[in-house]
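Down below is the structure, laid out as structure tokens.
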Amino acid sequence: MKIISNFVRHIGTDIQCTTQNLIYKFLIFFFMSILFRVLQRRNPQDITLPEKFYAAAIGDGSVDMETLAEQIAYQCTITQPDCYAVLMALERNIVDALKQGRIVKLGHLGNFQVGISSQGRDTAEELDASAITKARILFRPGKSFRQLLKNLSFRKARS
């Protein structure tokens with residue numbers, strides 16, 4: 001019953017829903033929602049304040065390269081081994097481009113680039129590569145991912 005009440009809150013007062021459309025929306029809501037759990041945490045900026053409850057996303061499995069290659073193969077005319085080879089080549093090429101300091105633009109998916117952190121120095125002349133403390137991969141989501149984030153639905157996991 002709780003799932004249905006959450007679903008009704010999710011769709012609001014959409015009087016344009018046909019029965020078929022309503023069933024479709026329910027299946028999308030139930031099977032394609034992000035599960036979350038409740039965590040009690042202190043405020044890191046002021047630990048004297050009382051703890052509050054926050055939502056934390058729960059990973060619901062994973063998808064590996066082989067599975068992606070298989071799914072892509074079913075959606076187009078390329079065989080699964082060819083899809084896997086293309087995905088592996090894409091990975092190698094992204095790594096190589098990042099090693100060269102390039103920004104890798106993957107269209108509507110987004111961009112990858114290397115970001116760095118360093119220790120501060122008093123003058124520009126004192127700053128050299130030895131001051132760099134950490135490198136990381138930055139991902140800036142593109143249009144497809146930003147749109148995905150706007151349309152997510154969430155379901156509270158059973159405790």
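It should be emphasised that the depicted structure is a prediction, and the values quoted were computed from it without experimental measurement.
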Quick one: [atom1] on [X] to [atom2] on [Y], what's the gap to the nearest 0.5 Å?
X      : Y      : atom1 : atom2 : answer
Arg121 : Asp128 : CZ    : CG    : 6.5 Å
Lys134 : Ile116 : NZ    : CD1   : 12.0 Å
Leu35  : Arg158 : CG    : CZ    : 10.0 Å
Met88  : Met65  : CE    : CE    : 5.0 Å
Leu87  : Asp82  : CG    : CG    : 11.0 Å
Lys156 : Ile58  : NZ    : CD1   : 11.0 Å

Practice prompt. Quick one: do Thr123 and Glu126 satisfy side chain to side chain donor-acceptor pair (under 3.5 Å)? Show the steps, please.
Written response: CA-CA 5 Å; Thr123 66; Glu126 290 180 80; 3.1 Å; yes
Worksheet item: Quick one: side-chain hydrogen bond (donor to acceptor under 3.5 Å, both in side chains) pairs with a partner in residues 103-113, sequence neighbours left out?
Response: Gln113-Arg140
Worksheet item: Counting only N and O atoms by type, is there a donor-acceptor contact under 3.5 Å from the side chain of Arg146 to the main-chain atoms of Pro141?
Response: yes
Worksheet item: Among side-chain atoms of Gln80 and Glu70, is any donor-acceptor pair under 3.5 angstrom?
Response: no
Item to complete: State whether a side-chain donor-acceptor pair under 3.5 Å links Ser117 with Arg136.
Response: yes
Discussion item. Below 30° counts as parallel, above 60° as perpendicular, anything between as tilted: where do the rings of Phe145 and Phe139 land?
Written reply: perpendicular
Worksheet entry | Smallest separation among heavy atoms of Gly115 and Leu138, with atom names | CA-CD1, 3.8 Å
Worksheet item: Hey, mind stepping through Phe112 and Leu98 against side chain to side chain contact (heavy atoms under 4.5 Å, CB included) and telling me if it holds?
Response: CA-CA 8 Å; Phe112 290 95; Leu98 291 173; 4.2 Å; yes
